[in-house]
Amino acid sequence: MSAQSDLSSKVTIATLKAKKSAQEKITALTAYDAAFAGVLDASGVDFVLVGDSLGMVVQGRDTTISVTVDEIVYHSQLVSRGLERSLLMADMPFMSYATPDDCLRNAARMMKEGNAEVVKLEWGALEIDMVYRLTECGVPVCAHLGLTPQAIHKYGGYKVQGREAGAAIQMKKDALELEQAGADILLLECVPMTLAQEITDQAKIPVIGIGAGQQVDGQILVLYDVLDIAPGKRTRFSKNYMEQESSIQAAVSAYVREVQLGEFPTAEYAFK
Ligand code: KIV
């Protein structure tokens, strides 16, 4: 039985790596509570992210910056109660991994209190060192590259990253170094599809995309965008599955199916 069709066994990092090797697409969505987590789990979503998008889609803020470690730990606890099979990933909030002590202490809280199985860090000059230290301590890590919303005030807006030749070369180098430092998963947000494909081809670890085109190992979206209940304007790279389905469960299942079949994202949801 393929890794993709086996809905009975618990998803682990090894499952995701096996899917990359078998060229089976990995599916992921965000969740913030037990009820939605249960729907995702039952629909066969491989991993569920308690994202700091929490700040925007649940708390109604303009950015993710105010989200705290306590809040992610709390929502991660809620999500973990809804999951049986899916892997649970939790976001490290802005400035919660700025020093090695903070990084290790807060990652420990994500895992010990929040029941997270993987922690996610957004790219910054410090990240390689932090990934190395977390790996030394046995903490599974996802490294988030491309558009990193915690740096929104540096970018001055939510913009596609890696379009210029120099930035693309740097992103490929960063991806390689993060893998060498021990990252288990890479996540690329708002990256031109050809660059995302090059990084995916070069990486031995799974590469998950959001606004990164179809030629990556898997996809993630913010659940509230999929259900069209996020406040404000929907991002160009996300798809409203409630347009074609009549229940939340059916919408999530349609997303899973389209990702697995390579039908999502089409070019209209990707960047050149
Ligand atoms: O916080 C979040 O939901 C994320 C996804 C956009 C990948 O980081």
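We count ligands from 1, going down the list as the structure has it; atoms in each ligand are counted the same way.
- The closest approach between any non-hydrogen atom of E122 and ligand 1 is not below 4.0 Å.
- The distance from ligand 1 to the heavy atoms of I210 drops below 4.0 Å at these ligand atoms: 6 (C).
- Listed by number with element, the atoms of ligand 1 under 4.0 Å from a non-hydrogen atom of G51 are 1 (O), 2 (C), 3 (O).
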Give the C-alpha distance, both sets of side-chain angles, the deciding distance and a yes or no for side chain to side chain contact (heavy atoms under 4.5 Å, CB included) between L188 and I208. CA-CA 6 Å; L188 301 179; I208 309 299; over 6 Å; no
Passes side-chain hydrogen bond (donor to acceptor under 3.5 Å, both in side chains), S253 versus Y255? Steps please. CA-CA 5 Å; S253 297; Y255 164 75; over 6 Å; no
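- Heavy-atom proximity to atom 1 (O) of ligand 1, evaluated over P149, A31, S53, is greatest for S53.
- Scanning the protein for heavy atoms near atom 8 (O) of ligand 1, the closest one is K120 NZ, 2.9 Å.
- Here the CZ atom belonging to R257 is positioned 12.5 Å from the OG1 atom belonging to T27, to the nearest 0.5 angstrom.
- The one candidate from K120, H75, Q150 that meets the side chain to side chain donor-acceptor pair (under 3.5 Å) condition with D91 is K120.
- To the nearest 0.5 angstrom, D184 atom CG is 9.0 Å from C142 atom SG.
- Within ligand 1, counting atoms from 1 as listed, the ones closer than 4.0 Å to a heavy atom of D91 are 1 (O), 2 (C), 8 (O).
- Every atom of ligand 1 is numbered from 1 in the order shown, and the set under 4.0 Å from a heavy atom of H144 is 8 (O).
- Listed by chain and number, the residues in a ring pair (Phe, Tyr, Trp, His ring centres under 6.0 Å) with F47 amount to none (sequence neighbours excluded).
- Salt bridge K25/E258: absent, no basic N to carboxylate O contact under 4.0 Å.
- The residue from L29, L49, L54, L223 that puts a heavy atom closest to atom 7 (C) of ligand 1 is L49.
- Residue T30 has at least one heavy-atom neighbour below 4.0 Å for each of these atoms of ligand 1: 3 (O).
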